[in-house]
Amino acid sequence: MCGIVGYTGPQSAITPLIEGLRRLEYRGYDSAGIALGTSGALFIEKRAGKLTNLEGSLPANMPVVHSGIGHTRWATHGGPTDRNAHPHTDNEGKLAVIHNGIIENYSELKAELQSRGHEFSSDTDTESVAHLLSELRKSHGGDLTAAMLDAVKRLRGSFTLVAVHADAPEVIVGVRRNSPLVVGLGDGENFMASDVAAFIDYTKRAVELGQDEIITMTPAGISIIGLDGKAVVPKEYAITWDSASAQKGGYSHFMLKEIFEQPKAVADTLIGRLTDNGKIELDELHMSEAEIKALKKIVVIACGTAYHAGMIAKYVIEKWAKISVEVEIASEYRYRDPIIDSNTLVIAISQSGETMDTLMAIRHAKAAGARVLAICNTNSSTIPRESDAVLYTHAGPEIAVASTKALLTQIVAVDLIGLHLAQVRGELTDAQVRDLYNEMLELPGKIEQILETVEPLRALTRTFAKSETVLFIGRNIGYPVVLEGALKLKELAYIHAEGFAGGELKHGSIALIDAEKGTPVIAILPSGSDHSLDEKMLSNIQEVKARGARVIVIAHEGAEVVGAEHIIRIPACSPLFQPILATVPLQVFAYEMAIARGNDVDQPRNLAKSVTVE
Ligand code: F6R
């Protein structure tokens with residue numbers, strides 16, 4: 001939530017700042033603003049709405065200045081107006097601050113600062129930090145770093161803060177607590193951002209800031225201190241993502257590009273996981289054979305789409321490894337008393353690695369004594385750093401707010417974990433594991449096949465564009481898939497959509513089907529040899545059809561389908577791999593519905609990619 005960028009160096013700062021904000025707009029797009037550090041005064045411009053509004057309001061003859069900060073906002077405190085847009089300043093207009101996160105004690109700070117004469121001009125929690133920093137800087141003889149160190153000790157909540165002062169504009173000072181901040185090391189120039197995507201065109205050398213660390217950045221270099229004021233040695237790493245993968249690459253939307261990148265993302269996540277002697281290689285788990293054999297329970301915690309990957313984990317791990325799996329919504333988990341012992345493994349799934357609900361759930365689980373394994377797509381993000389072990393997915397940067405390729409790779413990751421646990425515990429033979437792994441290697445080609453034949457589905461989708469409600473039904477491992485289909489549709493098309501277990505609809509929700517309107521129902525026909533399950537789904541299809549639903553069925557090639565108005569065929573596969581294929585047409589359906597309804601696909605209303613507030 002909220003994207004932050006800072007630059008200091010020889011370039012005209014406006015270019016890296018605006019480019020950086022464009023790359024970070026996925027984090028929030030309620031408003032955008034910049035503060036440029038001209039000597040003795042700040043040039044500030046900020047506008048409600050998307051970045052283009054800010055760009056449109058910049059004067060043609062922009063002052064050429066060489067340092068500054070920029071912000072793109074997902075509103076928490078205070079509506080998305082010009083006034084509440086960041087940066088926020090002190091009363092002299094010389095100190096500017098941008099912020100990602102929430103200052104929980106802002107009202108108490110505000111009252112205190114007002115009592116000392118500070119005048120506030122916004123409804124944000126952030127503005128109190130600008131005034132506080134201004135006071136503290138004066139008391140430290142103009143030292144912004146010392147002011148930040150003192151300020152942080154007064155703040156509660158989660159935040160990344162970045163500040164600049166007009167009297168020393170080349171110095172940018174930042175801090176982070178439970179919210180990301182990465183530094184890009186250039187040649188005679190340096191960058192700060194919420195995500196490396198912001199400066200990937202300028203440098204591949206990065207430093208991740210630790211919790212409660214304060215960074216002072218000038219063109220000449222960086223220095224980092226901890227809360228105790230002692231110097232911290234920066235830990236540099238190389239960025240492996242390239243700039244092209246963060247661009248649209250000829251597609252009309254990032255989401256479409258990311259849907260089409262799924263064969264590669266799945267293949268990259270699978271690659272090299274079977275050793276020559278037929279064992280699933282998952283050293284990242286850092287668990288001995290004895291520890292795996294002693295496992296009694298797995299708890300998966302995640303949010304949104306990642307939670308659906310967690311539900312899929314339950315089906316595969318219970319089936320293959322015979323370990324009981326509980327799946328928990330992260331934001332709920334931390335408010336319960338989890339029953340955990342040393343034989344419990346907690347798996348946290350997160351694309352961004354920054355989702356605050358998931359992070360807090362991890363901390364809760366760790367405090368209760370659990371071992372935590374993260375499945376994550378973003379290197380060096382907070383969730384992997386706070387976990388005992390991490391299995392990285394290789395989806396590459398996911399920019400569209402709606403998650404697509406990250407989900408498929410999360411499913412691959414849980415499948416690999418399931419196979420590994422089953423193999424170590426002797427629940428599957430090496431030959432069975434090899435066969436299943438080899439079948440997984442065919443999945444990228446099968447996804448490609450689906451994508452090559454997607455045009456008729458896109459055309460069909462457009463005929464449903466005026467629907468007010470779309471229902472989805474699935475059984476067994478198809479159930480999380482339909483929940484995902486409904487989530488994608490709500491998120492992108494802004495219409496009422498719900499996913500149901502096929503057998504559950506008749507217990508009340510079938511009343512939603514409106515014969516006059518021909519409510520669309522999308523059904524996933526289970527695959528595999530267990531015919532009782534697909535027969536039951538065929539009965540469910542008849543039930544909704546009899547009540548006037550227009551039924552679209554997603555079914556494997558060769559499967560017999562009765563009662564469908566339209567059939568979307570996907571290649572055949574083993575039942576437990578079906579989600580990796582069946583999800584794809586549902587993503588395309590949601591994408592096309594959003595286009596048909598004139599919605600912003602990559603940046604749906606009210607949302608942000610990385611949800612770093614609770
Ligand atoms: C929906 C979507 C969200 C995320 C959720 C968790 O398309 O993207 O539901 O899945 O916010 O995000 P991560 O995986 O970054 O923890």
Side-chain angles (χ1 to χ4, degrees), residues 1-7 11 13-29 32 34 50-52 54-55 68-74 98 100 160 162 174 176 179-186 189-209 217 236-251 253-258 261 264-265 268 350-355 376-384 392-406 409 602-603 607-612:
M1 324 243 89
C2 300
I4 279 183
V5 58
Y7 173 79
Q11 300 187 51
I14 191 72
T15 309
L17 290 180
I18 294 289
E19 281 174 7
L21 288 180
R22 190 164 295 117
R23 296 283 176 84
L24 296 182
E25 230 188 342
Y26 73 86
R27 299 181 66 86
Y29 33 83
I34 49 160
K50 294 197 174 173
L51 181 62
T52 45
L54 171 70
E55 288 178 282
I69 57 180
H71 188 266
T72 179
R73 179 169 187 243
W74 187 82
I98 50 178
N100 170 27
T160 298
V162 173
R176 68 166 287 262
S179 180
L181 184 60
V182 209
V183 181
L185 301 175
E189 60 182 356
N190 289 302
F191 306 79
M192 262 184 219
S194 310
D195 177 335
V196 295
F199 51 70
I200 206 169
D201 284 340
Y202 298 101
T203 180
K204 292 280 165 52
R205 293 170 55 211
V207 169
E208 191 82 39
L209 216 60
M217 182 173 92
E236 190 179 321
Y237 68 98
I239 303 166
T240 50
W241 287 355
D242 62 5
S243 165
S245 50
Q247 305 285 335
K248 279 190 205 148
Y251 287 91
H253 297 92
F254 278 113
M255 184 184 174
L256 195 60
K257 173 178 174 253
E258 288 161 9
E261 282 172 346
K264 182 173 184 313
D268 287 352
S350 174
Q351 187 285 130
S352 62
E354 300 293 348
T355 299
C376 186
N377 193 44
T378 310
N379 266 283
S380 304
S381 52
T382 310
I383 288 172
Y392 280 111
T393 50
H394 296 285
E398 191 179 65
I399 306 295
V401 165
S403 188
T404 52
K405 60 177 180 168
T409 59
D602 284 336
Q603 296 178 337
L607 290 168
K609 180 73 179 162
S610 182
V611 187
T612 54

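The shown structure was predicted, so the numbers you read here are calculated from the model rather than taken from an experiment.
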Quiz prompt | CH2-CD distance between W74 and Q603, expressed to the nearest 0.5 angstrom | solution = 14.5 Å
Self-check item: E258 side chain vs I399 backbone, donor-acceptor pair below 3.5 Å
Solution: yes
Quiz item: When rounded to the nearest 0.5 angstrom, what is the spacing between CZ in R23 and CD1 in I200?
Solution: 7.0 Å
Practice problem: Can you sort out the partners of A406 under side chain to side chain contact (heavy atoms under 4.5 Å, CB included), two or more places apart, ordered by chain and number? | Solution: Q351, E398, S403, Q410
Quiz prompt | Nearest atoms (heavy-atom pairs only) where Y7 meets E189 | solution = OH-OE1, 2.6 Å
Quiz prompt | Derivation of the side-chain contact (heavy atoms from CB on, under 4.5 Å) call for V196 and N379 | solution = CA-CA 10 Å; V196 295; N379 266 283; over 6 Å; no
Self-check item: Residue pair L24 / T72: nearest heavy atoms and the distance that separates them
Solution: O-CG2, 3.6 Å
Self-check item: Side-chain (S381) to main-chain (E354) donor-acceptor, under 3.5 angstrom
Solution: no
Quiz item: Are T160 and L209 side-chain neighbours, meaning at least one heavy-atom pair lies under 4.5 Å?
Solution: no
Quiz prompt | Any N190 side-chain heavy atom under 4.5 Å of L185 side chain | solution = yes
Self-check item: Euclidean distance, D195 CG relative to Y26 OH, rounded to 0.5 Å
Solution: 3.0 Å
Practice problem: Taking all non-hydrogen atoms of both residues into account, name the closest pair between V5 and P16 and its distance. | Solution: CG2-O, 4.4 Å
Exercise. Could you tell me the separation between the CD1 atom of I239 and the OG1 atom of T203, rounded to the nearest 0.5 Å?
Key: 6.0 Å
Quiz item: Just by modelled atom types, is the C376 backbone N or O under 3.5 Å from a matching donor or acceptor in the T393 side chain?
Solution: yes
Quiz prompt | Distance (rounded to the nearest 0.5 Å) between S194 OG and R176 CZ | solution = 11.0 Å
Quiz item: Who pairs with K50 by salt bridge (Lys or Arg N to Asp or Glu O under 4.0 Å), at least two apart in sequence or on another chain?
Solution: D600
Quiz prompt | Partner set under ring pair (Phe, Tyr, Trp, His ring centres under 6.0 Å) for Y251, not counting sequence neighbours | solution = F260
Practice problem: For residues I34 and I14, determine if any side-chain heavy atom of one lies less than 4.5 Å from a side-chain heavy atom of the other. | Solution: yes
Quiz item: Side chains of R27 and P180: closer than 4.5 Å at any heavy-atom pair?
Solution: yes
Exercise. Looking only at non-hydrogen atoms, find the nearest pair between P384 and Y392 and report the distance.
Key: CB-OH, 3.5 Å
Quiz item: Does the side-chain contact (heavy atoms from CB on, under 4.5 Å) test come out yes or no for Y29 and L607, once each step is laid out?
Solution: CA-CA 9 Å; Y29 33 83; L607 290 168; 4.0 Å; yes
Self-check item: ring pair (Phe, Tyr, Trp, His ring centres under 6.0 Å) involving H394 - partner list, sequence neighbours excluded
Solution: none
Self-check item: salt bridge (Lys or Arg N to Asp or Glu O under 4.0 Å) partners for D602, two or more places apart
Solution: none
Quiz prompt | Pairwise distance CD1(I4) to CD1(I98) - rounded to 0.5 angstrom | solution = 4.5 Å
Practice problem: Return the set of residues passing side-chain hydrogen bond (donor to acceptor under 3.5 Å, both in side chains) with Y202 (not counting sequence neighbours), or none when no residue passes. | Solution: E19
Quiz prompt | Qualifying residue for side-chain contact (heavy atoms from CB on, under 4.5 Å) with T404, from E261, K257, M255 | solution = M255
Quiz item: Does a side-chain heavy-atom distance below 4.5 Å link I18 with L54?
Solution: yes
